[in-house]
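Read the structure below first, then the notes.
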There are 2 protein chains.
Amino acid sequence: MVRLDDLVRKMSEHGWRVTDQRKTLANIFLETQSYLTPREVYERMGRHYNGLSYDTVYRNLRSMAEIGLIEQATLDDVVKFKLHCAEHHHHHHLICVKCEKTFSFVFCPLDHAPPMPDQFTALSHKFEVYGLCKDCNQEPAS
Amino acid sequence: MVRLDDLVRKMSEHGWRVTDQRKTLANIFLETQSYLTPREVYERMGRHYNGLSYDTVYRNLRSMAEIGLIEQATLDDVVKFKLHCAEHHHHHHLICVKCEKTFSFVFCPLDHAPPMPDQFTALSHKFEVYGLCKDCNQEPAS
DNA sequence: TTTGGTGCAAAAAGTTTGCATCCTT
DNA sequence: AAGGATGCAAACTTTTTGCACCAAA
């Protein structure tokens, strides 16, 4: 499990200053397993600060995504972020379309795919499975 | 290969009126194999019209994506569209990161994946391979 | 003390909406 | 003729930028 220390250390390693805002930001992602929009993050941050500015949150989200502390995705045409998972092996994700929690899926399509056609050189890939997690599956249809 | 008639017919089937704007829009995608931003589409449309409004293009892009005439994707944080491919079998795409052309890849990860963990129910999925196509591979590095 | 980070403000870019008019059906 | 589509304008949201001041190292 990822801890605050891990995130703070990574910030330092990148020569970042560890500000209160960044620590709070990190904590928010630590206690949230699902995706959050910048707006949602800002609102949660606001509970801890008075004069918080949105662009600081925004800048930090971008930066944190850049160094791999968090992951950015576009769900329903909306940009969202979640904590970068601790899983060490290469893996992909199951994403619940209802609660937006994510689950590791240690399986990579490229290990099972045929050779690339058209003399295409693969550099990276994205594989995501959308569906309902155990909890959301059991709830009555909304 | 998809033709203008096919697209026009599909519009009619959905009770749409076939306006010049929509025909031009369709033609633009027919002659472009790569992804286009709404802005790029608008500019190309502008070559055919004088008093063209951006929101008409925008509205039509959204609508055309809704009925599956074109496909929407988010590349580099930017929303883009391309023609929905004619391939009948379920398939995925190789996307060239340089020219953004796409190539069919008739292979589905879910056919080779182990059972979903965590009692997760898969509803849909996304699998895209990013890389360099034959042509871009041969060009000198930019 | 130094320099990067933050807050504030404002601009830029992207997306959506209302409405009178036009044009496909 | 009727109603959906367009053009125009404006609002709204999201993302980006400049700069003075503050604070982490």
Side-chain angles (χ1 to χ4, degrees), chain A residues 4-5 7-28 35-67 69-81, chain B residues 4-5 7-29 35-67 69-70 72-81:
Chain A
L4 181 58
D5 292 348
L7 302 181
V8 167
R9 179 164 21 82
K10 211 162 180 179
M11 292 186 197
S12 294
E13 286 173 2
H14 281 267
W16 287 18
R17 292 187 181 172
V18 183
T19 63
D20 279 345
Q21 285 86 339
R22 284 176 177 167
K23 264 188 282 192
T24 306
L25 202 40
N27 268 322
I28 285 174
Y35 280 97
L36 295 172
T37 63
R39 184 63 53 185
E40 286 166 342
V41 174
Y42 172 64
E43 278 159 11
R44 297 204 188 192
M45 290 273 288
R47 296 176 197 161
H48 301 268
Y49 294 93
N50 333 40
L52 177 68
S53 69
Y54 182 70
D55 51 282
T56 296
V57 174
Y58 212 89
R59 264 187 289 234
N60 277 324
L61 284 175
R62 279 250 176 286
S63 307
M64 286 173 67
E66 231 159 65
I67 67 172
L69 248 62
I70 57 178
E71 290 177 15
Q72 178 180 339
T74 302
L75 269 41
D76 293 320
D77 293 359
V78 176
V79 172
K80 302 187 179 183
F81 298 87
Chain B
L4 181 58
D5 292 348
L7 302 181
V8 168
R9 179 165 20 82
K10 210 162 180 179
M11 292 185 196
S12 295
E13 287 173 3
H14 281 267
W16 287 19
R17 295 192 176 168
V18 183
T19 62
D20 278 346
Q21 285 85 339
R22 286 177 175 164
K23 262 187 283 191
T24 307
L25 202 40
N27 268 321
I28 285 173
F29 281 109
Y35 281 98
L36 294 172
T37 63
R39 184 64 52 185
E40 286 166 343
V41 174
Y42 172 64
E43 278 160 11
R44 296 203 188 192
M45 289 273 287
R47 295 176 198 160
H48 302 268
Y49 294 92
N50 331 40
L52 178 67
S53 69
Y54 181 69
D55 52 281
T56 295
V57 174
Y58 212 88
R59 265 189 288 235
N60 277 323
L61 285 175
R62 281 250 175 286
S63 307
M64 287 173 67
E66 231 159 64
I67 67 171
L69 274 162
I70 57 178
Q72 177 180 339
T74 302
L75 269 42
D76 293 320
D77 293 358
V78 176
V79 172
K80 302 188 179 183
F81 298 86

Any side-chain N or O of A/R39 below 4.0 angstrom from OP1/OP2 of D/dT14?
yes
Does B/T56 have a side-chain nitrogen or oxygen under 4.0 Å from the phosphate oxygens OP1 or OP2 of D/dG7?
yes
To the nearest 10 degrees, how far apart in direction are the end axes of the helix from C/dT1-D/dA25 to C/dT25-D/dA1, each fit to five base pairs?
40°
If I take atom CD in residue A/E40 and atom P in nucleotide D/dT13, what distance separates them, rounded to the nearest angstrom?
15 Å
Which is it for B/L69 and B/F29 under the side chain to side chain contact (heavy atoms under 4.5 Å, CB included) test, yes or no, and what are the steps along the way?
CA-CA 10 Å; B/L69 274 162; B/F29 281 109; over 6 Å; no
Can you name the nearest heavy-atom pair linking B/I67 to B/K10, along with the distance?
O-CE, 3.8 Å
Using a cut-off of strictly less than 4.0 Å, decide whether A/S53 has a side-chain nitrogen or oxygen near OP1 or OP2 of C/dG7.
yes
4.5 Å side-chain heavy-atom contact, A/P38 and A/V57:
no
I need the CD-P distance between A/E66 and C/dG5, as an integer number of Å.
12 Å
Evaluate the criterion side chain to side chain contact (heavy atoms under 4.5 Å, CB included) for residue pair A/T56 and A/M45; output intermediate values, then yes/no.
CA-CA 11 Å; A/T56 296; A/M45 290 273 288; over 6 Å; no
May I have the step-by-step check of side chain to side chain contact (heavy atoms under 4.5 Å, CB included) for A/D77 and B/V79, ending in yes or no?
CA-CA 8 Å; A/D77 293 359; B/V79 172; 5.8 Å; no
Distance in angstrom units between A/D77 CG and D/dT14 P, rounded:
13 Å
Report the distance from atom CD of B/E40 to atom OG1 of B/T37, rounding to the nearest 0.5 Å.
3.5 Å
Got A/V41 and A/F81 here, is their nearest side-chain heavy-atom distance under 4.5 Å?
no
Rounded distance (Å) that lies between atom P of C/dC8 and atom CG of A/D55:
9 Å
Specify the residues of residues 11-24 of chain B, ordered by number, for which at least one heavy atom lies under 4.0 angstrom from an atom of DNA chain C.
B/R17, B/V18
Have a look at B/Y49 and say if it touches a base, only the backbone sugar-phosphate, or nothing, with a 4.0 Å heavy-atom cut-off.
nothing
How about B/H48 and B/Q21: do any of their side-chain heavy atoms sit closer than 4.5 Å?
no
Nearest-Å distance for atom pair CZ/P, residues A/R62 and D/dT17
10 Å
Take atom OH of A/Y58 and atom C1' of C/dC8, then tell me their distance rounded to the nearest Å.
18 Å
Please confirm whether any donor atom in the side chain of A/R59 sits under 3.5 Å from an acceptor in the base of C/dG4, or the reverse.
no
Atom-to-atom span, CZ of A/R9 to P of D/dA25 - whole angstrom:
15 Å
Check the phosphate of C/dT6 against A/N60, side-chain N and O only, distance under 4.0 Å to OP1 or OP2. Yes or no?
yes
Rounding to a whole Å, what distance do you find between A/Y42:OH and D/dT15:P?
15 Å
Would A/R39 count as a cation-pi partner of A/Y54, with NZ or CZ less than 6.0 Å from the six-membered ring centre and within 45° of the ring normal?
yes
